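Working notes, structure below.
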Amino acid sequence: MNKLVTLFATIGFAASANATVVVQHSFEGNLNDTAAGGGTADNLSYNQGASGSASPTFTAGVGGGQAAIFDGNWFQAPSSPDSSLNDNTWTIELFVNVSAHNGSWERLVTKWGGGHNYHFALETQDLNFFSGNPVGNIFDANTTPRTDFTNGWHHLALTSSATGFQGWIDGVVVASGASITLADGTDPLGIGDFGVAGSSNALRLHGAMDELLIHDSSVNQAYIDGRMALLIPEPSACTLLGLCGFGFILRRRR
C-alpha cells in the first residue's frame, strides 16, 4: 500500500506544481473561465458558424466531467493580459478528441489576426505552433508511430521558459528548442478557430475539447505525467486492494 500512496502523492504534486493557471475552460456545461490565478474573467461567447446547434453543446469529457462539442462552431473571448501572455514563460494545454480530420488545419487555441500573437493547432494531423513575433512556424510534429487523434481523448501541451520550449503529445516530447517570446496581441482569444469572424468551417476543429488551460508559467514532465493520469481509467476498489478474486464486497461508508 505504501507504493500506492506514493503514486497518488506524486500525481497530486505533479498536477499542482509549477503551474499558475490564468485561463481555464473546463466546459462543465458552461463557457466560464474558472482560473484561480487570472486577473480577468475570460468567459467565452458562442459562435454557431456551420453548426446545427443554436447554443453550445456538451458531451462526456475527461475524468468524468463534460467537454465542449465542435461541429462547425467556435468560441471566443475578448483579448486580455491573461491570454496575451506577452513573455517567454507560459504554457498552453488541452485535451482533444477529433471526430474527423480536415485536409489541413484544425485550429485549437489562437490569438491571431491583426496582432499575430499565437496559433496552436493540428495541421495535417500533426501538432503545430506558430507565432507573430516574428511570424514564423515554430514546429510541426507528431509521435512515432503517429498519434491518431480520432481514436479517443489525447492531451496536447506546449510550454516555454527562459531556457527553451517543449511540446508534448500524450506525455511524449515531440518538439523542443529555444524559448518562444509571445507578443502582446490584441486579437480575441479563439477556441476551435480564429477569434474573429469570417473563417472557414473547413479549418475549424471538429470533435470535442476539454480542460483548456493557459498558464503564465512553465511546466515540466512531472506535471504533464500528472495530467496524463486523467486519461487512465480509475481501477475498482477491489483491484487496488487485490481482493477481486476473493469474493469481497466493498461498500462506500455512508
Side-chain angles (χ1 to χ4, degrees), residues 21-59 61-62 65-86 90-99 102 104-123 127-133 135 156-158 182-216:
V21 178
V22 294
V23 177
Q24 178 171 357
H25 294 292
S26 297
F27 300 112
E28 297 302 325
N30 60 65
L31 305 179
N32 296 339
D33 173 16
T34 59
T40 303
D42 296 284
N43 297 328
L44 299 175
S45 59
Y46 175 75
N47 293 278
Q48 183 176 1
S51 172
S53 300
S55 59
T57 54
F58 302 90
T59 187
V62 174
Q66 292 185 292
I69 293 176
F70 294 77
D71 61 353
N73 58 287
W74 77 101
F75 305 99
Q76 70 184 82
S79 178
S80 78
D82 293 341
S83 62
S84 291
L85 298 169
N86 192 30
W90 48 269
T91 303
I92 301 173
E93 61 165 308
L94 55 90
F95 292 92
V96 67
N97 186 342
V98 177
S99 58
N102 300 325
S104 54
W105 294 106
E106 286 128 44
R107 295 184 175 120
L108 302 173
V109 186
T110 72
K111 275 179 66 66
W112 197 261
H116 293 176
N117 197 207
Y118 53 81
H119 187 284
F120 188 65
L122 297 176
E123 182 188 18
L127 183 60
N128 177 277
F129 186 84
F130 60 84
S131 76
N133 192 28
V135 176
L156 305 177
L158 174 62
L182 296 178
D184 186 10
T186 58
D187 298 298
L189 179 68
I191 311 300
D193 197 359
F194 292 152
V196 294
S199 299
S200 169
N201 179 49
L203 302 179
R204 294 179 184 135
L205 170 66
H206 291 80
M209 184 188 297
D210 200 5
E211 292 299 322
L212 165 61
L213 305 181
I214 298 177
H215 313 246
D216 68 355

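Note that the structure is a prediction, hence the values are computed from the model and not measured.
- When all heavy atoms of A121 and W105 are compared, the pair lying nearest together is CB-CE3, 3.9 Å.
- Side-chain atoms of D42 and S80 form a donor-acceptor pair, as typed in the model, at a separation below 3.5 Å.
- Between I214 and the choices L85, V21, D82, the side-chain contact (heavy atoms from CB on, under 4.5 Å) rule is met once, by L85.
- Looking at L122 and L108, their side chains come closer than 4.5 Å, going by heavy atoms from C-beta outward.
- A distance of 8.0 Å separates CG of D184 from NZ of K111, quoted to the nearest 0.5 Å.
- Between H215 and V22 the shortest side-chain heavy-atom distance does not fall below 4.5 Å.
- You'll find the side chain of L31 stays beyond 4.5 Å of the side chain of S45, heavy atoms only.
- Here the shortest heavy-atom pairing between S51 and S53 reads OG-N, 3.0 Å.
- Residues F70 and R204 form no side-chain contact, since every pair of their non-hydrogen atoms from C-beta on lies 4.5 Å or further apart.
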Problem - From CA spacing to verdict: side chain to side chain contact (heavy atoms under 4.5 Å, CB included), F194, H119 - result: CA-CA 9 Å; F194 292 152; H119 187 284; 3.5 Å; yes

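- Residue A157 comes nearest to E93 through the heavy atom pair CB-CB, 3.8 Å, listed as atom of the first residue, atom of the second, then distance.
- Residue E211 holds its CD atom at 9.0 Å from CZ of F27, rounded to the nearest 0.5 Å.
- Using a 3.5 Å distance cut-off with no hydrogens or angles, the side chains of S26 and Q24 do pair a donor with an acceptor.
- How far OG1 of T57 is from CD of Q66: 10.5 Å, rounded to the nearest 0.5 Å.
- Between R107 and D193 there is a salt bridge, since a side-chain N of the basic residue sits under 4.0 Å from a carboxylate O of the acidic one.
- Contact check for N47 versus N73: no side-chain heavy atoms found under the 4.5 Å cut-off.
- The shortest side-chain heavy-atom distance between T40 and P81 falls under the 4.5 Å cut-off.
- Between S104 and L203, the closest heavy-atom pair is OG-CD2, 3.4 Å.
- Between Y118 and F129, the ring planes are parallel. Angles under 30° get that label, and only those over 60° would be called perpendicular.
- Of the possible polar contacts, none joining the N43 side chain to the N32 backbone as a donor-acceptor pair under 3.5 Å is found.
- One finds the CG atom of L213 at 11.0 Å from the CD1 atom of I92 (value rounded to the nearest 0.5 Å).
- Atom CG in D210 sits 7.5 Å away from atom CZ in F95 (nearest 0.5 Å).
- Checked against the 6.0 Å centroid threshold, F120 and W90 do not count as a close aromatic pair.
- When all heavy atoms of D71 and G52 are compared, the pair lying nearest together is OD2-N, 4.4 Å.
- For the pair H206/N201, a side-chain contact is recorded, criterion being any heavy-atom separation below 4.5 Å from C-beta on.
- In this structure a side-chain-to-backbone donor-acceptor pair under 3.5 Å is present from N102 to A202.
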Exercise for the section: Tell me, with the steps shown, if D33 and H25 meet side chain to side chain contact (heavy atoms under 4.5 Å, CB included). Expected result: CA-CA 5 Å; D33 173 16; H25 294 292; 3.8 Å; yes

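- Residues G113 and D187 approach most closely at N-OD2, 3.3 Å, considering heavy atoms.
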